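Below: one structure, written as structure tokens.
Here the structure is a predicted model, which is why all the values come from computation and not from measurement. Proteins get letters first, then strands, A, B, ... in listed order; numbering begins at 1 in each.
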2 protein chains.
Amino acid sequence: MSRVDKSAIVRAAEEVVREKGARKLTLDAVAAQCGLSKGGLIHHFRTKQSLLKAMLESAIAREDASAEACAKAGGDLLTSRLSSIFELMEDDEGLPRSLIAAVAEDPALLEPVKIKEVELRSEISRTYKDPELAQLLILAAQGLFFGRVLGVVEPEDPMLDRLRERLLMLSTDLA
Amino acid sequence: MSRVDKSAIVRAAEEVVREKGARKLTLDAVAAQCGLSKGGLIHHFRTKQSLLKAMLESAIAREDASAEACAKAGGDLLTSRLSSIFELMEDDEGLPRSLIAAVAEDPALLEPVKIKEVELRSEISRTYKDPELAQLLILAAQGLFFGRVLGVVEPEDPMLDRLRERLLMLSTDLA
DNA sequence: ACAAACCAACCGGCTGGTCGGTATCTTAGC
DNA sequence: GCTAAGATACCGACCAGCCGGTTGGTTTGT
């Protein structure tokens, strides 16, 4: 066993980005955050890129899990996805932070995100009578999400709740 | 007179980000791009932060000008804003690139963007009977916009045109 | 004993920014 | 109109700190 595992390192990296910004996401900073030497950190992730990749994968997995949980609870595709986006927003901002860090470092790292997105779109096209409108609802949620990522939307903004309500309403109308 | 002016430097910086990514936006790279030595560049922008700031301001000004032009042509507030977002997307990606570079370097640089956003929101609340729905339309366009910034939406995607049509339709319905 | 986990010192390249100088332009006084 | 003087634009060598990654070794678990 090890004192820390990979997921703890990923969390530490997210914490660093949240506290100091994507530009300050250095191996030293991550190592310090999880009480490891840089050498120890490198033992787990041989390059910084591989750490970024793990951060993205972890965030994607979390979003998928969240959407699936909502789907299990009876929500349709659109509602599940919308809920998971909002959950990510309220939650910990792990994905957004990872996104910024990754895209700044190397845009190619976003490939898995892109693939997920394309899958979602085709799934929507297959499921809904009016796929464009369904798309737009997802996009609106994502727009809000990015607004929070960039810090242009305050977390406490009451408008946020109203918009979520409205989106979920429109979503059930569509089903 | 000078061989190059500040706006030329800003354009060069955008070009660097577009070609090499936000992480490679270095003073040396920008200097090379506009045929200047680093010393010459520093003469115009004393720090990298001030260059980033100028990039953001330039991008914001461009978007405002675009929206205003559309408003002059008879569009209402929402339609104008939607059009300007789509125009930015097709155009040169100056703003998106600047956004990424800035947020990676120092999130505080986004303050002016945030202010603009808040203004727009209150303007929408004042103008429309159903401000939430108007908000959602803007957000959807922004979501699309960020999708392009991150490279998860292809520029040639035919869906893009359909979504734009749809958004503009919904916008005129709302007016 | 063997491997995996971890550490601390170190290195080379990059990057933001400085510095001392040169070239080009502007202005003033004659 | 000409020139001296000051300002502005620009150059390129240089530096100090940072950062990703290496290495050679020590500890820890089995």
What's the [atom1]-[atom2] distance between [X] and [N], to the nearest Å?
| X | N | atom1 | atom2 | result |
| --- | --- | --- | --- | --- |
| Asp5(B) | dT8(D) | CG | P | 17 Å |
| Leu27(A) | dA8(C) | CG | C1' | 15 Å |
| Leu36(A) | dA8(C) | CG | C1' | 13 Å |
| Leu52(B) | dG17(C) | CG | P | 10 Å |
| Lys6(B) | dC10(D) | NZ | P | 11 Å |
| Leu51(B) | dG17(C) | CG | C1' | 14 Å |

Determine, for [X] against [Y], whether the closest basic-nitrogen to carboxylate-oxygen distance falls under 4.0 angstrom.
| X | Y | answer |
| --- | --- | --- |
| Arg81(A) | Glu117(A) | no |
| Arg62(B) | Glu14(B) | yes |
| Lys114(B) | Glu154(A) | yes |
| Asp130(B) | Arg166(A) | yes |

So which nucleotide from [options] ends up closest to the side chain of [X]?
| X | options | value |
| --- | --- | --- |
| Ser37(A) | dC7(C), dG20(D), dC10(D) | dC7(C) |
| Thr26(B) | dC6(C), dC19(D), dG16(C) | dG16(C) |
| Lys24(B) | dT15(C), dG16(C), dC19(D) | dT15(C) |

Whether the Asp5(B) and Ser7(B) side chains hold a donor-acceptor pair (N or O, under 3.5 Å, no angle test) is what I'd like checked.
yes
Please name all residues satisfying side chain to side chain donor-acceptor pair (under 3.5 Å) with Glu15(B), sequence neighbours left out, ordered by chain then number.
Arg18(B)
Using a cut-off of 4.0 Å on non-hydrogen atoms, how would the nucleic acid contact of Leu25(A) be classed: base, sugar-phosphate, or nothing?
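Here Leu25(A) touches the backbone only, sparing every base.
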DNA chain C contacts among residues 38-49 of chain B, heavy-atom distance under 4.0 Å:
Lys38(B), Ile42(B), Thr47(B), Lys48(B)
